[in-house]
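What follows is a single structure, written as structure tokens, with notes after it.
These values consider heavy atoms only, across backbone and side chains, with no hydrogens, waters or symmetry-generated copies. Proteins come first, then strands; the chains are lettered A, B, ... in the order of their sequence lines, and each starts at number 1.
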Amino acid sequence: MRPFDYERPWNIDAALATVRDTPGAMYLGGGTNLIDLMRLGVLAPELLVDVSRLPFDRIEETGDGGLVIGAAVRTADLATHLGVRRRYPVLAQAALSVGSGQIRNMGTVAGNLLQRTRCAYFSDISKPCNKREPGSGCPAMEGVHRNLAIVGYSPSCVATHPSDLAVALAALDAVVRVEGAAGPRRLPITGLYRDPGDDPRRDTVLEHADLITGIEVPPTGAERSRYRKVCDRTSFAFAVVSVAVVLEVTGGVVRECRVAFGGVAPKPWRAERAEEALYGADATEENFARAARTEPAGARPLRDNAYKVPLVRNLLTRTLTELATEGR
Amino acid sequence: MTDELHSARVRTRTVRLTVNGVPHHIRVDTRATLLDTLRERLGLTGAKKGCDHGECGTCTVLVGGRRVYSCLTLTVAVDGAEVTTVEGLAGDGGPHPLQRAFVEHRAVQCGYCAPGQLCAAVAVLAEAEAGMPSAVTPDLSAPPALDPAEIRERMSGNLCRCGCYGRIAVAIAEVAR
């Protein structure tokens, strides 16, 4: 690991200024992904600015029934919060599906959103990777891509984004609070991530010194929500595919429906076509299956990952049906 | 690349740690993980280096009472913390109840994972006591009960190459009762 300096500023202005003035600086949260990537030689910051003890470690209830989740809240604490468990089961379930108990104690909410892809070529510095070394090529396109993207990718990068929380937050229409050189701004969670295009180096639209300070989760009228994740093993694994659903059914009719997929794209993927098909429709398994068949819209599976298309459709149908019948 | 590795100046920081009740004031390389500091600087070789990537769990220790992977924890980032390793689990009255149960149920074969399993198990009992749910908790709004399925899910961050999972789960269940 390359030597680096370490600073722990006690307020946000000092953190922003320190990173702004040091081109090789990176923020440090829980470190579960960053420290590993530094050890692997994938990342080599010259300065770590530790923001894990800044006062963004609380979950606040807003007057309108929503939540503001501090960026430095640990994943375990998000999953334990009673308001999250009662009003946003999809978010609590996504948090509980992250890593292991140790990872959930360490990792922060903002760090979960900003973690890097687990594409094996990205973390192997002996192989080319456009995300790591622009212009070096993407061996995954012709190589091992069983667990990579089926939609939203580009010829230069077929990596998926591994976050569980981002998928649940996408279905909840969450907004990311960012502090930067130009002052504070707010980004819808799906707008945080950028398409890889011909420059897959950056996963997000954040600029060098930009710092996520919190996540706004608006109130949802829908009582029912759920996160379902399919993995290669039962626990402590990244999603092969995942589905986050927020559903409101009244009198047998779908009144509200928001759906996001994980494990299929370089970003949490909103299934807007399925949502449109379901608004006002009878809440029947047949209708759920029909809506699921419209997704993932624009999918272009690679040689070895076409299985993800029926997998994510079936997972969506099953999740909608369970939510409509079980009510929670 | 070698030139680049050696051109950057090594940085050190002074940190305060209380490990198993003993205060330490030491200067460490900023790159030192908590695992390396415990093993190489403080002579506490209970926590083991297995994968060194946060995937196997044998480096598990408690920081401020919470279980973490010490291989992914920078020592500088836990300045001021109270750390408990497997060496600190036993009290004046002898081994920790979980240590007794591991021995009684022969939950240890080669033993390499045991320090991490024990520290994780101590945290699992505390987390359940505090009402923290898990991915298999049926009702997220109710307090969880540590049944076998719960124990297995909550212990999934610790691997055992000998495959002693069944015995480990039984030992934890006995103490959880």
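For B/A142, the part lying near chain A is the backbone, with the side chain staying farther off; criterion is any non-hydrogen pair under 4.5 Å. Both the backbone and the side chain of B/D79 come within contact range of chain A, judged by heavy atoms closer than 4.5 Å. At a 4.5 Å heavy-atom cutoff, the contact between B/R13 and chain A is made by side-chain atoms alone. Of the two parts of A/I103, the backbone and the side chain both hold a non-hydrogen atom closer than 4.5 Å to a non-hydrogen atom of chain B. With a threshold of 4.5 angstrom between heavy atoms, A/D50 approaches chain B through side-chain atoms but not through N, CA, C or O.
Residue-level contacts of residues 93-129 of chain B with chain A, in order of numbering, are B/A120, B/E127; threshold 4.5 Å between heavy atoms.
Between atom OG1 of residue A/T80 and atom CZ of residue A/R104 there is a gap of 9.0 Å, rounded to the nearest 0.5 Å.
Considering only residues two or more places apart in sequence or on other chains, A/A95 meets the side chain to side chain contact (heavy atoms under 4.5 Å, CB included) condition with A/T75, A/L78, A/A79, A/L165.
A side-chain donor from one of B/E150 and B/T137 sits under 3.5 Å from a side-chain acceptor of the other. Defined by atom type and a distance below 3.5 Å, a donor-acceptor pair is present between the side-chain atoms of B/N158 and A/Q102. There is no side-chain donor-acceptor pair under 3.5 Å between B/E153 and B/S134. Side chains of A/S163 and A/N112: a donor on one and an acceptor on the other come within 3.5 Å.
Inter-residue side-chain proximity for B/L74 and A/L48 is flagged as met; some heavy-atom pair is nearer than 4.5 Å.
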